[in-house]
Amino acid sequence: MSSITSKPFGTTEDGKPIRLYTFTNAAGMSADVSDLGGVIVALRTPDRDGAFADITLGYETAEPYLRKGPYFGALIGRFANRLEGAAFELNGAEYALAKNDGDNTLHGGREGFDKKLWDAEIVEAPNGAGQALRLTYVSPDGEEGYPGTLRATVTYSLTDDNELVLDYEAVTDRDTIVNLTNHAYFNLAGHAAGDIGGHVLTIDADKFTPVNAACVPTGEIREVDGTPFDFRKPTPIGPGLAKTDDEQIRNGGGYDHNFVLNVGGEKLEKFAEVYEPTTGRVMEAFTTKPGVQFYSGNFLNGSEIGKGGAAYGKRSGLCLETQYFPNSMKHKNFPSPILRPGETYKHTTSYKFSAR
Ligand code: GLA
């Protein structure tokens, strides 16, 4: 069973105290999570010799998390990834959103859920894992252009099997859209270990959603067979990244694509595994969501200075952002992200760490 301690982690621009919560389980794994954006600041997991290292990219203090950045470890909302034209139509009305990524909107707009100070409460874990951290954010009607007051709750827990579990819930008082995720960047060799090309990835997906040059899904659902997007068997990431003759690798600047999961739905099921051969670290990922954005850290360029002074270079971390598909209000063949009053958006995603 894990227990949680907490300490101050800076202040917001309007002077509110930010805290950092540290989970420790019986196996010695620990995780630091902040009430600012629900950010996973650190995750310490064992390698095959039992040596612990911090395997998630992040900053030492709260201040850089308040700036525009690469969303290290943060909760993303109301809508993860892109909506084309920074607008959507719902019940015949057109909603205009912030254009914060060319002509499109990305990750909730100008000030998404990653920049909000969430209300924090230590509760009993839903899965018997001891203490859990429940974060709540109430997004007012019209915030960032989205209709309806959205009450979002994300509960973090850590089991003794080294599984970090994120339970998401949201309710609304008007028809709206919602797509929540966590944007943790993993490097299983250690957060400052550099290029992730040697990581071996498996994703249980027969199909993915191709993107245009602005990284927005076109609506097509394409078979991964015979493409660099076939991760149905354990496959190192580097060789696919090198296939710059592939239009989709070019459009994403590497991997920055939504995969249509073969699993996902009512039951929490394994959809991916990442293996790092030099340390033996393994991350298994489970979800109830229909898609995952596999992002290979293409926009990192060494300008973000993180924990211990690490300069995070291009492709020094990878993200597996579970989600509804990006641009899913344009394409009716994608699962619908619409949430109505009386319904509950309810999803679970977890990451389980081991070594071999
Ligand atoms: C997501 C997007 C990427 C990029 C990163 C953050 O993965 O798909 O294009 O915006 O977030 O930099």
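All values below come from the heavy atoms of this structure, side chains included, with hydrogens, waters and symmetry mates left out.
- Two residues are said to be in side-chain contact when any heavy atoms from C-beta on lie closer than 4.5 Å; Y21 and I122 meet this criterion.
- Criterion: ILVMFWY side-chain heavy atoms under 4.5 Å apart, direct or through other members. Under it, I76 and L66 are not part of a common hydrophobic cluster.
- Within the 6.0 Å centre-distance limit, the rings of Y59 and F72 are counted as a close aromatic pair.
- More than 12 non-hydrogen atoms from other residues, nucleotides or ligands lie less than 6.0 angstrom from CD of E220.
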Could you please spell out the steps behind the side-chain contact (heavy atoms from CB on, under 4.5 Å) verdict for I177 and L339?
-> CA-CA 6 Å; I177 63 172; L339 181 72; over 6 Å; no

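- Side chains of D32 and I40 form no contact here, defined as non-hydrogen atoms less than 4.5 Å apart.
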Report the C-alpha separation of R19 and D35 in whole Å, then their side-chain angles, then the decisive distance to 0.1 Å, and conclude whether the salt bridge (charged side-chain N to carboxylate O under 4.0 Å, His left out) test is met.
-> CA-CA 6 Å; R19 292 193 77 79; D35 50 8; over 6 Å; no

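- Judged by distance alone, the side chain of S296 and the main-chain N or O of N298 form no donor-acceptor pair under 3.5 Å.
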May I have the step-by-step check of side-chain contact (heavy atoms from CB on, under 4.5 Å) for M329 and N327, ending in yes or no?
-> CA-CA 6 Å; M329 288 305 279; N327 207 19; over 6 Å; no

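- No donor-acceptor distance shorter than 3.5 angstrom exists from the side chain of H191 to the backbone of Y312, with no hydrogens or angles considered.
- Residues I4 and V123 fall into different hydrophobic clusters, defined by Ile, Leu, Val, Met, Phe, Trp and Tyr side chains chained together at heavy-atom separations under 4.5 Å.
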Worked verdict on F271 versus T322 for side-chain contact (heavy atoms from CB on, under 4.5 Å) = CA-CA 10 Å; F271 71 92; T322 58; 3.5 Å; yes

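- Looking at K307 and E60, no side-chain N of the basic residue comes within less than 4.0 Å of a carboxylate O on the acidic one, giving no salt bridge.
- For the pair E111 and K116, the salt-bridge criterion is met [side-chain N within less than 4.0 Å of a carboxylate O].
- R44 and S30 are linked by a side-chain donor-acceptor pair at a separation below 3.5 angstrom, with hydrogens and angles left out of the test.
- Side-chain atoms of T149 and D141 form no donor-acceptor pair, as typed in the model, at a separation below 3.5 Å.
- Centroid-to-centroid, the aromatic rings of F231 and F294 come within less than 6.0 Å.
- Using a 4.5 Å heavy-atom cutoff, the side chains of D195 and K314 are not in contact.
- Looking at R250 and T244, their side chains never bring a donor and an acceptor atom within 3.5 Å of each other.
- Note: Y95 and F88 have parallel aromatic rings, judged against thresholds of 30 and 60 degrees for the angle between ring planes.
- Linking ILVMFWY residues whenever their side-chain heavy atoms come closer than 4.5 Å, directly or via other members, places L180 and W118 in the same cluster.
- In this structure, the side chains of T24 and M29 stay at 4.5 Å or more apart for every pair of heavy atoms.
- Using modelled atom types, one finds no donor on one side chain facing an acceptor on the other under 3.5 Å when comparing N25 with T159.
- Checked by atom type, the side-chain pair T136/D119 shows no donor-acceptor distance below 3.5 Å.
- Proximity of I18 to T12: side-chain heavy atoms (C-beta onward) are separated by under 4.5 Å at one or more points.
- Note: Y255 and H257 have perpendicular aromatic rings, judged against thresholds of 30 and 60 degrees for the angle between ring planes.
- Checking each of R281, K352, K233, R356 against E273 for a salt bridge (Lys or Arg N to Asp or Glu O under 4.0 Å) leaves exactly one that passes, namely R356.
- A donor and an acceptor atom, one from each side chain of S139 and R78, are located under 3.5 Å apart.
- Proximity of the aromatic rings of H183 and Y185 is defined here by a centroid distance below 6.0 angstrom, and this criterion is met.
- The neighbour count for E94 CD, taken as heavy atoms of other residues, nucleotides or ligands under 6.0 Å away, is above 12.
- Side-chain atoms of S350 and E163 form a donor-acceptor pair, as typed in the model, at a separation below 3.5 Å.
- Judged purely by distance below 3.5 Å, without hydrogens or angles, the side chains of D256 and Q293 pair a donor atom with an acceptor atom.
- Note on V33: it clusters hydrophobically with F186, by side-chain heavy-atom contacts below 4.5 Å among ILVMFWY residues.
- Aromatic ring pairs are classed by plane angle as parallel below 30°, tilted from 30° to 60° and perpendicular above 60°; the pair H347 and Y324 is perpendicular.
- Within the 4.5 Å cutoff, side-chain heavy atoms of L57 are placed close to those of N187.
- For the salt bridge (Lys or Arg N to Asp or Glu O under 4.0 Å) with D101, the qualifying choice from R110, R82, K68 is R82, the only one to do so.
- K243 places a side-chain heavy atom less than 4.5 Å from the side chain of D245.
- A ring pair (Phe, Tyr, Trp, His ring centres under 6.0 Å) with F113 is found for exactly one of F79, Y71, Y137, namely Y137.
- Screening D225, V260, N258 for a side chain to side chain contact (heavy atoms under 4.5 Å, CB included) involving K207 leaves a single residue, V260.
- In this structure, K16 places its NZ atom where only 12 or fewer heavy-atom neighbours from other residues, nucleotides or ligands lie under 6.0 Å away.
- Checked against salt bridge (charged side-chain N to carboxylate O under 4.0 Å, His left out), D206 has the following partners two or more places apart in sequence or in another chain: R232.
- Proximity of L135 to T153: side-chain heavy atoms (C-beta onward) are nowhere separated by under 4.5 Å.
- Between F286 and Y351, the gap from one ring centroid to the other reaches at least 6.0 Å.
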Between E144 and L97, is a side-chain contact (heavy atoms from CB on, under 4.5 Å) present by the stated rule, with each step listed?
-> CA-CA 6 Å; E144 289 286 341; L97 308 167; 5.7 Å; no

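- Under the 30°/60° scheme for interplanar angles, the aromatic rings of F325 and F334 are found to stand perpendicular.
- Other residues, nucleotides and ligands contribute more than 12 heavy atoms inside 6.0 Å of the NZ atom of K332.
- Hydrophobic clustering, with ILVMFWY side chains joined whenever heavy atoms are under 4.5 angstrom apart, keeps L318 apart from V211.
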